[in-house]
Protein chains: 2
Amino acid sequence: MPAPNMREKILEAASRLFAFEGYSAVSMRRIATAVGMTQANLYYYFKDKEELIRSALAAVFNGRSHSLAAALASGESPEERLERAISWFVTLLFDDEVVSKLFFRELLTGDKDRLKFLTQNIFQESFNTIIEIIDACIDTPDPTLAAIYLASTIIGYCQYSTVAVYLQGAKPEYFEPVAVARHLMDQVRRFAKAPCLAKEVLA
Amino acid sequence: MPAPNMREKILEAASRLFAFEGYSAVSMRRIATAVGMTQANLYYYFKDKEELIRSALAAVFNGRSHSLAAALASGESPEERLERAISWFVTLLFDDEVVSKLFFRELLTGDKDRLKFLTQNIFQESFNTIIEIIDACIDTPDPTLAAIYLASTIIGYCQYSTVAVYLQGAKPEYFEPVAVARHLMDQVRRFAKAPCLAKEVLA
DNA sequence: GTCTATACTCGGATAGAC
DNA sequence: GTCTATCCGAGTATAGAC
């Protein structure tokens with residue numbers, strides 16, 4: 001039997017390597033070795049390196065994008081939904097280095113076509129969900145802007161933590177996903193619409 | 001005359017290229033061409049590519065790190081100092097793509113030695129200044145954590161804006177450095193200690 | 001589908017002349 | 001200090017056998 005899902009296996013190995021070392025630093029040879037085949041044979045599955053990169057990105061981001069909807073499936077209060085959404089995103093970025101690093105690489109590379117594609121086809125849906133939730137429970141004239149700030153803070157925190165751990169006075173618990181999510185939610189509650197403010201607020 | 005500061009000229013060209021395209025994607029030949037010399041001659045100035053990379057990073061980050069102190073030179077109120085610090089950092093990341101991209105590349109690469117070095121030798125001082133200011137005017141039990149969040153938000157916002165512009169409902173003014181700094185300061189004021197709360201707060 | 005062999009290009013680095 | 005010439009390894013990609 002000729003390996004049922006060799007294509008997926010290649011995509012998985014390639015995304016890991018691309019995520020951790022970058023596109024140009026990873027050769028077709030390395031990827032081939034990682035899946036135990038010859039370099040030449042990769043060209044049976046992908047036209048060239050570019051196509052392999054694009055396919056790997058699509059596979060990773062598509063695979064993870066539907067999980068927000070799942071995390072919010074059960075219909076709780078807006079505040080609980082917001083809490084879940086924050087915790088979903090924080091956990092995604094902190095615990096899944098393949099997504100987070102590929103995501104950051106895309107932001108850095110700045111290929112406009114790829115960014116536009118990713119945004120409109122993959123991120124937009126989750127983003128709309130967040131806006132909706134924010135609109136329901138946060139007291140702000142511009143929920144879109146608020147959503148951008150919320151996402152930014154999470155993104156930045158995940159990025160910055162790789163260096164912030166070395167700062168004098170930084171404690172390990174600052175960088176625990178669960179603690180981060182809770183702290184963020186506590187901050188957000190300060191902006192909650194009055195009826196939503198369910199718990200005591202402590203920094 | 002044999003070019004007075006050829007070394008600086010090389011470092012400048014190299015940092016630009018590294019920032020925009022990444023270390024492994026930029027060859028010694030490209031750098032040489034950019035400064036108008038032969039590839040071989042780069043080895044007169046730098047032992048190898050690694051040394052060129054390290055030198056370029058050091059030059060860029062050292063060059064910009066002292067400017068926060070300068071921005072805060074005159075001794076105003078803590079709140080004004082915080083406003084200046086925020087605006088300094090936002091402007092730095094938004095307007096100087098060489099610093100910001102190199103910074104993000106370092107965060108992404110995650111070379112522990114280099115990150116530790118950068119943090120402790122270059123970022124720590126500015127960071128301490130921010131903590132001091134926050135401690136003076138923000139009502140929080142943990143100014144260090146607050147400083148990390150503030151920095152994260154700015155970092156994340158700068159990163160995220162490259163993709164957020166493509167989101168439905170995003171307005172161009174969301175990504176104007178000056179507007180971003182002002183909005184951030186408005187948010188921060190909500191956490192200000194009572195006597196510092198000088199202006200009306202609007203989101 | 002997977003291999004071997006091979007073509008070709010490009011990148012890093014050194015030697016030695018000027 | 002800068003060049004030319006050159007080496008070598010590594011990278012992408014293709015052809016064709018099995």
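Just so it is clear, the model here is predicted, and its values are computed rather than measured.
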So the ring-ring contact (aromatic ring centres under 6.0 Å, His included) pairs with at least one residue in residues 124-173 of chain B (sequence neighbours excluded) are A/Y149-B/Y157, A/Y157-B/Y149, A/H183-B/Y149
Given C/dG1, is OP1 or OP2 found less than 4.0 Å from the side-chain N or O atoms of A/Y44? yes
Would you verify whether the NZ or CZ of B/R114 falls within 45 degrees of the ring axis of B/F61 while also being under 6.0 Å from that six-membered ring's centre?
no
Applying salt bridge (charged side-chain N to carboxylate O under 4.0 Å, His left out) to A/R182 and not counting sequence neighbours gives none
Atom CD1 of B/I31 and atom P of C/dC10 are separated, to the nearest Å, by 17 Å
side-chain contact (heavy atoms from CB on, under 4.5 Å) filter on A/S27, not counting sequence neighbours, yields A/R29, A/R30
From CG of B/L52 across to C1' of C/dA13 the rounded distance in Å is 14 Å
Here the salt bridge (charged side-chain N to carboxylate O under 4.0 Å, His left out) pairs for residues 56-65 of chain B, sequence neighbours left out, are B/R64-B/D96
Rounded to whole Å, CZ of A/R7 lies from P of C/dT2 at a distance of 13 Å
Across all chains, not counting sequence neighbours, the salt bridge (charged side-chain N to carboxylate O under 4.0 Å, His left out) partners of A/D48 are none
B/S/- along nucleotides 3-18 of chain D (protein heavy atoms under 4.0 Å) is BBB-----BBBB----
